[in-house]
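Starting from 1, each residue takes its place in the sequence as its number.
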Amino acid sequence: MSEFGAAKTIDNAEDLHALHEQAYQEICKQGLEPRLNFLRQFMSIYDVRAKNFVPAPALQNALLLGELVKREKSQRTVDVVEYGCLTSFSSISLLDGIRNSTITFIDQSDIMLDISRLRFAEMGERVGYIKANMGEFVQPNLFDAARFGYILSGYRDDQKSRMLASAFASLKPGGILLVQEFSWRDDEKLNQLAHNINDLLITSLGLHSELYKDYMHIIQESALKQLIEQAGFVDVTLPFSCLNFVTFMARKPS
């Protein structure tokens, strides 16, 4: 999406959203069809890149899905909150697996929310959309599970902490947290490979690497676990890891 290039450094996901939103608002002024065409193109490009970048998204989601299915059997419905839409392609397997339950997307990007609306148009009230700063959003004790799907690495550590605190406050007691992330591991060869993968991803998206040199705020696996624990979560486990991709599960105390 090279048309989003600008003569500045992209420091985090909020800067990226600002560039996207600027272009999107101009396109929206052109009418419904240009807007839909833009969303379809955006979704198609990012879906392909994400599917090539993220290993086994359905398998990773199966970890959370197993917990949700158990809860659905005992309480009939479960409510999941997704922090950050991206293009929401990996949420399809969750919705297919919990057919009586709901997913609410929280994002500050109109583009990402509108892509999710387009993708899940036939799901009706099973899918909700809230535009909000993810570090400030709080709906006390509302959700049964929260998921961060490769969102946190686009934010500074202080922003990560606020987002995890938001999830903690918004979960019901005993609620489940799933954090899927790209992290540094205790293996220098893996970390060098991760650098190369990240550079290839930025290039494949048509982004100017110099502008995005400060965008990713990737942290050590152990540091991410510590942030999750500092937010108040317990029973933090690492049930999935592949190269530099890790999935943490945790729960809010009952």
Side-chain angles (χ1 to χ4, degrees), residues 12-14 17 60-72 74-75 77-86 88 90-91 94-95 98 101-109 112-113 116 127-184 217-241 245-254:
N12 59 34
E14 289 184 350
H17 287 323
Q60 294 184 57
N61 281 351
L63 299 168
L64 177 60
L65 192 55
E67 294 292 330
L68 298 180
V69 168
K70 286 190 290 187
R71 288 175 182 243
E72 202 174 50
S74 64
Q75 63 192 51
T77 62
V78 293
D79 298 306
V80 182
V81 58
E82 288 257 9
Y83 279 78
C85 302
L86 290 181
S88 61
S90 64
S91 305
L94 288 181
L95 280 163
I98 49 171
S101 300
T102 69
I103 289 183
T104 299
F105 291 101
I106 310 297
D107 207 303
Q108 65 194 66
S109 167
M112 298 306 179
L113 288 168
S116 293
V127 184
Y129 314 91
I130 298 175
K131 183 176 181 179
N133 182 305
M134 291 180 285
E136 297 173 2
F137 172 82
V138 176
Q139 291 289 333
N141 305 318
L142 182 63
F143 298 102
D144 298 283
R147 184 173 84 117
F148 290 85
Y150 299 100
I151 294 295
L152 292 174
S153 56
Y155 293 87
R156 300 184 310 269
D157 288 2
D158 61 312
Q159 294 171 308
K160 291 180 177 69
S161 295
R162 288 197 294 271
M163 291 159 69
L164 289 166
S166 165
F168 185 86
S170 298
L171 282 172
K172 297 174 183 175
I176 300 297
L177 174 74
L178 185 81
V179 175
Q180 296 163 289
E181 202 44 77
F182 190 62
S183 76
W184 301 130
H217 296 270
I218 305 167
I219 63 174
Q220 200 75 17
E221 171 192 325
S222 56
L224 179 55
K225 180 180 180 183
Q226 186 175 31
L227 287 179
I228 294 170
E229 291 172 336
Q230 287 173 348
F233 291 98
V234 297
D235 300 335
V236 183
T237 61
L238 184 71
F240 177 91
S241 63
F245 300 86
V246 296
T247 295
F248 282 101
M249 287 195 74
R251 68 176 179 85
K252 181 177 179 176
S254 300

Provide the closest heavy-atom pair for Ala167 versus Phe233 in the form atom of the first, atom of the second, distance.
C-CZ, 4.2 Å
Looking only at heavy atoms, what is the nearest atom pair of Pro253 and Gly232, with distance?
CD-O, 3.6 Å
Asn141 and Lys252: side chain to side chain contact (heavy atoms under 4.5 Å, CB included), yes or no, with the steps?
CA-CA 10 Å; Asn141 305 318; Lys252 181 177 179 176; 3.1 Å; yes
So which heavy atom on Leu68 is nearest to which on Ala145, and how close?
CD2-CB, 3.6 Å
Using side-chain heavy atoms (C-beta onward) and a distance below 4.5 Å, is Leu177 in contact with Leu164?
yes
Using the benzene-type ring in the case of Trp, are the ring centres of Tyr150 and Phe182 under 6.0 Å apart?
no
Is there side-chain contact between Glu136 and Arg162, with heavy atoms separated by less than 4.5 Å?
no
From CD (Glu229) to CG (Asp235), nearest 0.5 Å:
10.0 Å
Residues Phe105 and Leu113: closest non-hydrogen pair is O-CD2, 4.0 Å
In Å and rounded to the nearest 0.5 Å, what is the CD1 to CG distance from Ile103 to Leu94?
5.0 Å
Nearest 0.5 Å, what's the NZ-CD1 distance between Lys131 and Ile106?
13.0 Å
Using modelled atom types and a 3.5 Å cut-off, is there a donor and acceptor pairing between side-chain atoms of Lys160 and backbone atoms of Leu152?
yes
Would a 4.5 Å heavy-atom cut-off, applied to side chains only, mark Ser161 and Leu227 as touching?
yes
Distance from Glu72 atom CD to Thr77 atom OG1, nearest 0.5 Å?
7.5 Å
Test side chain to side chain contact (heavy atoms under 4.5 Å, CB included) on Phe148 and Met134 and set out the steps.
CA-CA 11 Å; Phe148 290 85; Met134 291 180 285; 5.7 Å; no
Rounded distance (nearest 0.5 Å) linking atom OH of Tyr83 with atom CE of Met163
8.5 Å
Quick check: do Val81 and Leu142 have side-chain heavy atoms less than 4.5 Å from each other?
no
Where do Asp144 and Arg71 come nearest, in terms of heavy atoms and distance?
O-NH1, 3.9 Å
Applying side-chain contact (heavy atoms from CB on, under 4.5 Å), name anything that partners Glu221, two or more places apart in sequence or on another chain.
Ser183, Arg185, Leu238, Val246, Phe248
Closest heavy-atom contact between Asn133 and Gln108?
CA-OE1, 4.2 Å
Could you give the distance from OG (Ser166) to CD (Gln139), rounded to the nearest 0.5 Å?
9.0 Å
Test side-chain contact (heavy atoms from CB on, under 4.5 Å) applied to Lys70 - qualifying residues, sequence neighbours left out
Glu67
What I'd like to find out is whether the side chain of Leu65 reaches to under 4.5 Å of the side chain of Ile98, using heavy atoms alone.
yes
